[in-house]
Amino acid sequence: MTTEIATNEISNYLSILKSMLKDDDTKLIIKEDLVKNYTFKYLYNVNKHKIIGILLSLREDEFYKKVVSNNSMHEGDILYIWNPIRLFTNARGELCELRLYIKTYVNINNRMIVIISFHEFNDFS
């Protein structure tokens with residue numbers, strides 16, 4: 001289910017996300033149980049440091065949509081989806097520009113950020 005969102009809400013969310021990423025007490029969980037997340041990380045040599053860098057560089061205009069999760073692991077949670085375009089080096093050493101699909105969940109009270117999806121935009125298999 002997609003929900004409406006105001007620009008100031010996106011700005012506030014990004015501010016909280018970035019602040020939490022810079023705090024050593026924040027727990028960052030990057031879901032690797034999804035094959036597309038694991039495969040993307042492998043093909044483009046993406047590690048936790050690279051993911052954090054991309055999250056810290058997110059801008060308001062890279063926001064895609066906000067959804068309410070219907071997944072049993074995150075049921076009812078508000079998830080934010082981002083579509084930034086970033087440069088990556090593929091397995092052949094070639095630079096390529098890719099549009100990403102990043103789905104995030106922030107739990108301020110538990111000092112936790114969950115990266116549910118982190119892969120190329122059209123990989124919805």
Side-chain angles (χ1 to χ4, degrees):
M1 167 204 245
T2 303
T3 62
E4 293 296 319
I5 187 164
T7 304
N8 63 337
E9 184 179 343
I10 299 167
S11 177
N12 187 49
Y13 184 89
L14 276 176
S15 178
I16 291 167
L17 176 73
K18 291 176 182 185
S19 173
M20 287 177 66
L21 283 168
K22 294 174 185 175
D23 182 351
D24 291 338
D25 291 333
T26 298
K27 182 175 183 180
L28 177 64
I29 300 168
I30 302 167
K31 296 284 189 165
E32 291 187 350
D33 53 341
L34 294 175
V35 173
K36 55 192 161 194
N37 289 347
Y38 179 81
T39 302
F40 182 82
K41 285 177 65 179
Y42 176 78
L43 290 175
Y44 296 99
N45 194 27
V46 174
N47 57 27
K48 182 179 179 178
H49 180 74
K50 175 88 171 174
I51 290 172
I52 290 171
I54 290 171
L55 293 173
L56 287 171
S57 72
L58 287 174
R59 300 183 317 264
E60 290 176 22
D61 64 337
E62 295 172 323
F63 174 76
Y64 181 59
K65 65 182 174 179
K66 179 173 102 171
V67 297
V68 177
S69 177
N70 59 4
N71 181 297
S72 62
M73 299 283 293
H74 304 279
E75 192 155 0
D77 291 343
I78 304 297
L79 311 176
Y80 287 71
I81 302 172
W82 311 89
N83 291 142
I85 297 172
R86 297 292 186 274
L87 285 175
F88 291 88
T89 304
N90 67 20
R92 289 178 282 192
E94 302 164 335
L95 259 158
C96 48
E97 195 174 70
L98 300 174
R99 183 175 182 206
L100 301 176
Y101 182 88
I102 303 172
K103 189 183 298 180
T104 61
Y105 168 69
V106 171
N107 184 318
I108 298 168
N109 296 332
N110 291 330
R111 305 293 307 157
M112 179 176 62
I113 299 170
V114 181
I115 309 304
I116 297 164
S117 294
F118 193 98
H119 53 79
E120 202 165 352
F121 180 72
N122 287 321
D123 187 3
F124 296 114
S125 56

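All residue numbers refer to positions in the sequence shown, counting from 1.
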Going by side chain to side chain donor-acceptor pair (under 3.5 Å), name the residues that satisfy it together with N90, two or more places apart in sequence or in a different chain. E94

Shared ILVMFWY cluster between L98 and I85, side chains joined below 4.5 angstrom? no

Show every side-chain hydrogen bond (donor to acceptor under 3.5 Å, both in side chains) that has at least one partner inside residues 102-117, sequence neighbours left out. Y13-T104, D23-R111, T26-R111, W82-T104, Y105-N107

Rounded to the nearest 0.5 Å, what separates atom CG in D77 from atom OG in S69? 6.0 Å

So, does N37 use its side chain to make a donor-acceptor pair with the main chain of K31 at under 3.5 Å? yes

Identify whether NZ of Lys or CZ of Arg in K50 sits under 6.0 Å from the centre of the six-membered ring of F88 and within 45° of that ring's axis. yes

Kindly indicate, with the supporting measurements, whether the criterion side-chain contact (heavy atoms from CB on, under 4.5 Å) is fulfilled by T89 and N45. CA-CA 8 Å; T89 304; N45 194 27; over 6 Å; no

I'd like to check I102 versus I51 (side-chain heavy atoms, cut-off strictly below 4.5 Å). Are they in contact? no

Work out which heavy atom in V106 is nearest to a heavy atom in M20; give both atom names and the distance. CG1-SD, 3.5 Å

Give me the other members of the hydrophobic cluster that L95 sits in, counting Ile, Leu, Val, Met, Phe, Trp and Tyr linked by side-chain heavy atoms under 4.5 Å, directly or via other members. L87

Taking atom CG of L43 and atom CZ of R92, what is their separation to the nearest 0.5 Å? 10.5 Å

If you compare all heavy atoms of S57 against all heavy atoms of I54, which two are closest, and at what distance to 0.1 Å? OG-O, 2.9 Å

So which atom in L58 and which in L14 form the shortest heavy-atom distance, rounded to 0.1 Å? CB-CD2, 3.7 Å

I'd like to check the side chain to side chain donor-acceptor pair (under 3.5 Å) partners of N8; sequence neighbours left out, ordered by chain and number. none

State plainly whether one hydrophobic cluster holds both V114 and V35, where clusters connect Ile, Leu, Val, Met, Phe, Trp and Tyr through side-chain heavy atoms under 4.5 angstrom apart. no

By ring pair (Phe, Tyr, Trp, His ring centres under 6.0 Å) - contacts of Y38 (at least two apart): none

Rounded to the nearest 0.5 Å, the CD1 atom of I30 sits from the CD1 atom of I52 at a distance of 6.5 Å

Find out whether F63 and E9 are in side-chain contact, i.e. whether some heavy atom of one side chain is under 4.5 Å from a heavy atom of the other. no

Once side chain to side chain donor-acceptor pair (under 3.5 Å) is applied, do any residues pair with N12, and if so which ones, sequence neighbours excluded? none

Once you round to the nearest 0.5 Å, how far does CD1 of I115 lie from CG of L55? 4.5 Å

Side chain proximity check, L100 to R86, heavy atoms < 4.5 angstrom: yes

Considering all heavy atoms of both residues, which atom of Y44 and which atom of E120 are nearest to each other, and what is their separation? OH-OE1, 4.3 Å

